[in-house]
Amino acid sequence: MNTAHLITAARDALTTRRAHEQTVNTLTITTTHDTARHTLTYDSENVAVRHHDGTLAYVDLTNTEFAEDLDAHAEDRLAASGSLRPLTLRLGPGPLIRPPVELDARSRLFILSIHARAAAHRPGLGGNQVLELANLAYEANDVARHDHTRSLPPIESYARQAAARELPFPREATAAFLTQTVRLAVRTMSHNMQPCPLAVEIPAGHVGDIPAWLARQAVARFRDGATSREPRYDTPALRAVLQALAGLQTPAAGDWLRLYLTHLPTSRGCTAS
């Protein structure tokens with residue numbers, strides 16, 4: 001059962017049920033246990049509908065052709081891989097773009113660490129400047145990573161340090177800013193790779209039942225067409241930024257976040273495109 005067929009069936013089911021008055025951007029179908037067949041299947045009774053304005057509703061699409069197609073798709077997936085994950089389908093013409101998202105303190109610190117680490121690679125910096133930026137990147141990342149079980153210490157000092165070095169420390173962020181931050185992060189992590197990747201591609205998936213970009217499945221694509229899975233990109237900082245980005249632009253089945261990094265490899269590492 002291919003994705004295009006499921007999307008068409010989903011549109012037909014929504015029209016038949018008159019379940020929505022607004023334009024639908026995505027549907028997310030979670031999994032449930034079929035007690036009759038003692039196996040996993042898709043839950044067509046509680047389908048999450050995300051509208052273009054960002055509002056979320058739940059709709060019952062049981063007893064539709066779409067529900068039957070979901071059952072068949074679940075059987076195919078179980079037969080092929082032995083597992084079944086939630087499914088997000090994009091029904092709209094493109095990704096949903098919402099107003100800027102408010103960032104929590106940890107996300108702000110991770111963003112600062114990414115930009116400080118990247119800034120430390122700027123040409124023309126003195127040794128002390130590089131060391132200061134590297135220390136700031138390490139400290140911000142370390143605080144965000146290891147204080148996840150309790151309240152963070154006051155972060156005003158990081159705001160002052162960011163301002164002094166002309167680094168971003170935003171309270172809210174747009175999808176464009178978050179995408180650029182992700183690109184900056186993977187570019188910096190790719191700095192010493194030889195050959196240098198042309199792009200890093202991150203697939204859509206789910207964390208639990210929530211649509212997400214999966215850093216753990218990131219792929220480096222090289223100029224000769226070769227690809228390789230790269231675990232180096234699966235970091236807490238990158239996951240936090242990708243989570244915020246997914247909240248603004250819902251990833252759907254078949255989506256890839258493609259981040260082009262370089263024109264040509266150079267002796268100094270990867271250069272921005």
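In this structure, CD in Glu139 is found 8.0 Å from CG in Asn135, a value given to the nearest 0.5 Å. Here the CZ-CD1 distance, from Arg106 to Ile111, works out to 14.0 Å after rounding to the nearest 0.5 Å. Atom NE2 of His115 sits about 8.0 Å away from atom CG of Leu167, to the nearest 0.5 Å. Rounded to the nearest 0.5 angstrom, Arg117 CZ and Leu112 CG are separated by 13.5 Å. Annotation: the span from Asn25 atom CG to Thr250 atom OG1 amounts to 6.0 Å, rounded to 0.5 Å. Atom CG of Leu178 and atom CD of Gln243 lie 11.0 Å apart (nearest 0.5 Å).
A search for side-chain contact (heavy atoms from CB on, under 4.5 Å) contacts involving Leu125 returns Arg122, Gln129, Val130, Leu133, not counting sequence neighbours. Under the rule for a side-chain contact (heavy atoms from CB on, under 4.5 Å), the partners of Thr35 that lie at least two apart in sequence or sit in another chain are His33. Checked against side chain to side chain donor-acceptor pair (under 3.5 Å), Thr28 has the following partners two or more places apart in sequence or in another chain: Thr88. By the side chain to side chain donor-acceptor pair (under 3.5 Å) test, Asp12 pairs with no residue at all, sequence neighbours left out. For the side chain to side chain donor-acceptor pair (under 3.5 Å) test, no residue two or more places apart in sequence or in another chain qualifies with Ser113. Partners of Asp71 according to the salt bridge (charged side-chain N to carboxylate O under 4.0 Å, His left out) rule, which considers only residues two or more places apart in sequence or in another chain, do not exist here. For Arg258, the side-chain contact (heavy atoms from CB on, under 4.5 Å) partners at least two apart in sequence or on another chain are Glu201, Trp256, Tyr260. Every residue meeting the salt bridge (charged side-chain N to carboxylate O under 4.0 Å, His left out) condition with Arg165, not counting sequence neighbours, appears here in chain and number order: Glu132. With sequence neighbours left out, Asp43 forms a salt bridge (charged side-chain N to carboxylate O under 4.0 Å, His left out) with no residue at all. When the side chain to side chain donor-acceptor pair (under 3.5 Å) test is applied to Tyr233, the partners found at least two apart in sequence or on another chain are Ser190.
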- request: Test side-chain contact (heavy atoms from CB on, under 4.5 Å) on Glu172 and Val101 and set out the steps.
  value: CA-CA 5 Å; Glu172 60 180 22; Val101 63; over 6 Å; no

With side-chain contact (heavy atoms from CB on, under 4.5 Å) as the test, would you mind laying out the steps for Ile114 and Val182 before giving the verdict?
CA-CA 8 Å; Ile114 288 169; Val182 173; over 6 Å; no

Are Val47 and Tyr58 close enough, and set up right, to give a side-chain contact (heavy atoms from CB on, under 4.5 Å), and what steps lead you there?
-> CA-CA 5 Å; Val47 177; Tyr58 289 87; over 6 Å; no

With side-chain contact (heavy atoms from CB on, under 4.5 Å) as the test, would you mind laying out the steps for Leu89 and Ile29 before giving the verdict? CA-CA 8 Å; Leu89 301 173; Ile29 309 98; 4.3 Å; yes

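Within the 4.5 Å cutoff, the side chain of Asp69 has no heavy atoms near those of the His73 side chain. At a threshold of 4.5 Å between non-hydrogen side-chain atoms, the residues Ile155 and Leu109 count as touching. Under the 4.5 Å side-chain criterion, counting only non-hydrogen atoms from C-beta, Asn46 is not in contact with Thr32. Side-chain atoms of Thr188 and His121, non-hydrogen and from C-beta on, do get closer than 4.5 Å to each other. A 4.5 Å side-chain heavy-atom check between Glu102 and Arg171 finds every atom pair outside the cut-off. The shortest side-chain heavy-atom distance between Ser44 and Phe66 does not fall under the 4.5 Å cut-off. Contact check for Thr235 versus Met189: side-chain heavy atoms found under the 4.5 Å cut-off.
Under a hydrophobic clustering in which Ile, Leu, Val, Met, Phe, Trp and Tyr are joined whenever their side-chain heavy atoms come within less than 4.5 Å, directly or via other members, Val219 and Trp213 fall into different clusters. In the hydrophobic clustering of ILVMFWY residues, with side-chain heavy atoms under 4.5 Å counting as a link, Val200 and Leu257 come out together.
Of the possible polar contacts, one joining the Arg11 side chain to the Leu91 backbone as a donor-acceptor pair under 3.5 Å is found. The closest donor-acceptor contact from the side chain of His206 to the backbone of Pro86 lies under 3.5 Å. A distance-only check finds a donor-acceptor pair linking the side chain of Tyr42 to the backbone of Arg85 [under 3.5 Å]. Using modelled atom types, no side-chain atom of Arg145 and backbone atom of Pro236 make a donor-acceptor pair closer than 3.5 Å. Between the side chain of Arg187 and the main chain of Leu261, no donor-acceptor pair closer than 3.5 Å is present. Side-chain atoms of Ser81 come within 3.5 Å of backbone N or O of Arg77 as a donor-acceptor pair.
Ring geometry for Tyr158 versus Phe169: interplanar angle of 30 to 60°, hence tilted.
What you find for Pro100 and Leu248 is that their closest heavy atoms are C-CD2, 4.3 Å. Minimum heavy-atom separation, Ile202 to Ala215: CG2-N, 4.0 Å. Nearest heavy-atom pair, Glu230 versus Ala220, reported as atom, atom and distance to 0.1 Å: CG-CB, 3.7 Å. Minimum interatomic distance between Ala253 and Leu87 (heavy atoms only, all atoms of both residues): CB-CD1, 3.9 Å. Taking all atoms of both residues into account, the shortest heavy-atom contact from Phe222 to Ser228 is CE1-OG, 3.7 Å. The shortest heavy-atom contact between Leu78 and Leu40 is CD1-O, 3.4 Å.
In this structure, Ile210 shares a hydrophobic cluster with no other residue, the cluster being traced through Ile, Leu, Val, Met, Phe, Trp and Tyr side chains under 4.5 angstrom apart. Cluster partners of Val207, by chain and number: Leu214. The rule joins Ile, Leu, Val, Met, Phe, Trp and Tyr whenever side-chain heavy atoms lie under 4.5 Å apart.
Within a 6.0 Å sphere centred on CD of Gln180, other residues, nucleotides and ligands contribute more than 12 heavy atoms. Remark: Asp224 CG is packed, more than 12 non-hydrogen atoms of other residues, nucleotides or ligands lying under 6.0 Å away. By the 6.0 Å contact criterion, CZ on Arg232 is enclosed, its count of non-hydrogen atoms from other residues, nucleotides or ligands being greater than 12.
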